[in-house]
Amino acid sequence: MTATMWRTPPIPIPIHKMTWDKTNWQPYPLQREVITSRVRNKVVAFGRRAGKSQTGGHLLVPEAYRAWYELDDLKREGKRREYWIVGPEYSDSEKEFRVLVGEGLSGAIFSEAAKLKPSVWIKYLRPTLADFTGWTAFLSTPEGKNWFYDLYMAGLDPQRTDWQSWRAPAWVNPHLFPGGVDEELLSRLTEARRYGRMDRLIPTLKMLFSATHGAAAPTGIHPEIWALFLDMSMEMFNQEEAAQFTEYVGRVLKDFDEELHVNDHDFNAAWATYAAVDYGFTNPFAWLLVQVSPDRKRIHILDEYYKTGVTTEEAIRDIRSRGLCPAQTRMFYPDPAEPDRTRAISEALQVPAYRGGSIPLQGRIEWMRRFLKMTPEHLDLGHPERKPGLTISRKCVNTIREFNEWRYPDSQKAGDRGRAAPEEPMSKDNHCPEALGRLLSGLFGNPFRVPAQSNRTTVTSRRK
């Protein structure tokens, strides 16, 4: 047998239909389109209960028939067909991935991919698919514009013919939500809720009582979807049910992954050296020593000072004694709201302070998100030359912790109904990111000079 024989071509459509008949399963049209698509890599962004798990399961069923049919030849060649389902609930998964390295996969399903670390795909599973030209299916509800969003965009890129993406809300599932949702009416309701005008719109709508749900819902909105719309925050509903790639739920820096962004790199004399500070006393006083590559495409946080209950003079003494403002430091980037402390530090450490002020927080967050991305983007995610723009030294334990912990507020409480999305993250676990954001905005300016890309339509696919 040759290696070519063990490639994993797409399952023929008649085989899929045969397994559906045998298992008495009736896929709805979009599930049918996803399963029978012949692309190698599929990215499926569906709302909750839209049928992601069943879609993934029925991708695997005919593969069992394939493996059984090839069994004798596989044994003779000392090979096997191996498929993995990978999900965030597998607490020992990284141990398993390390064992798996070297084994060839014929296919892999990523369940709730948006909750996984990107290193699961890049470091562990992508290389194992080469032997059999194995396929992948990334199935998930969105969780901000993280690495899953990058894969989703790859599937919409007409140049990436080996990828295809779909996005659909929960109510695309006709088995669970018969009748679905009137999209135009939902859009009106969403706008009214966002601006606190629900009390004006509701009386103008025809309401239909559902004995099953024990409540009335507007005609054209499934009663369960209506209940979810009222019970969840607007941003949570848009993410979990409407499958939109909103930024305002959960972690602020969703792409941060210790496997990819943390290393042991030391001082590089060829790189420019800067410092950044977020002042505090009750809150931590955070000072970062940062290096920037000559092409300004790579940022490395080399060291940190992070301490509560210290005065400016005490912090200066500590920073000096620890060598956190070496002679090569070109400038430090402070909080412009405290010029007296900035002046004291500049004079004591003999380093100039940036005087250009700061841009709004969302711009600073945007720079951090951009540098967390793996670049250059034209290369596959698993390519060895595709690296993160931002890395952090392993000894910066507080910076690493805050990059993991900085979050948006939980706004699922009843009192938050009708409130606009909380664009401002919590002022907690944010001192090191705040310092770095000021440095990035000072170095690179406002990131929003190019208009941001708008959300896609409710159901999207790159091609039919």
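Starting from 1, each residue takes its place in the sequence as its number. Keep in mind that this is a model prediction, so the values were computed, not measured.
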**Request:** Walk me through it: do His261 and Thr391 pass the test side chain to side chain donor-acceptor pair (under 3.5 Å)?
**Result:** CA-CA 5 Å; His261 297 98; Thr391 54; over 6 Å; no
Salt bridge [X]-[Y], side-chain N to carboxylate O under 4.0 Å:
X	Y	result
Lys79	Glu77	no
Lys373	Asp150	yes
Glu143	Lys254	no
Asp264	Lys395	no
Arg407	Asp429	no
Glu313	Arg317	no
Arg394	Glu304	no
Asp278	Arg438	yes

Any side-chain donor paired with an acceptor under 3.5 Å for [X] and [Y]?
X	Y	answer
Asn263	His265	yes
Asn173	Tyr28	no
Asn404	Glu258	yes
Glu63	Trp135	yes
Lys52	Thr141	yes
Tyr306	Glu402	yes
Arg341	Thr312	yes
Thr133	Arg40	no

**Message:** Taking the ring of Phe245 and the ring of Tyr152, is the distance between their centroids below 6.0 Å?
**Reply:**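 Under 6.0 Å, so yes.
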**Request:** Kindly say whether the aromatic ring centers of Phe46 and Trp166 come within a distance under 6.0 Å.
**Result:**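 No, the ring of Phe46 stays outside the 6.0 Å limit from the ring of Trp166, centre to centre.
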**Message:** As an exercise, state the distance from NE2 of His58 to CD1 of Ile11, rounded to the nearest 0.5 Å.
**Reply:**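 If I round to the nearest 0.5 Å, the distance is 14.0 Å.
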**Asked** Looking at Trp367, is Arg370 sitting on its ring face, NZ or CZ under 6.0 Å from the six-membered ring centre and within 45 degrees of the normal?
**Response**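 Because its charged atom sits under 6.0 Å from the ring centre and within 45° of the axis, Arg370 does stack over Trp367.
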**Request:** Walk me through it: do Thr8 and Arg81 pass the test side chain to side chain donor-acceptor pair (under 3.5 Å)?
**Result:** CA-CA 9 Å; Thr8 313; Arg81 289 281 186 192; 2.9 Å; yes
**Asked** By side-chain hydrogen bond (donor to acceptor under 3.5 Å, both in side chains), which residues pair with Thr375, not counting sequence neighbours?
**Response**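 With neighbours one apart ignored, the set is Arg298.
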**Residues, nucleotides or ligands: over 12 heavy atoms within 6.0 Å of Glu191 CD** =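 Counting other residues, nucleotides and ligands, CD of Glu191 stays at 12 neighbours or fewer.
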**Asked** What's the verdict on side-chain contact (heavy atoms from CB on, under 4.5 Å) for Phe332 and Val290, showing C-alpha distance, side-chain angles and the deciding distance?
**Response** CA-CA 10 Å; Phe332 78 99; Val290 181; over 6 Å; no
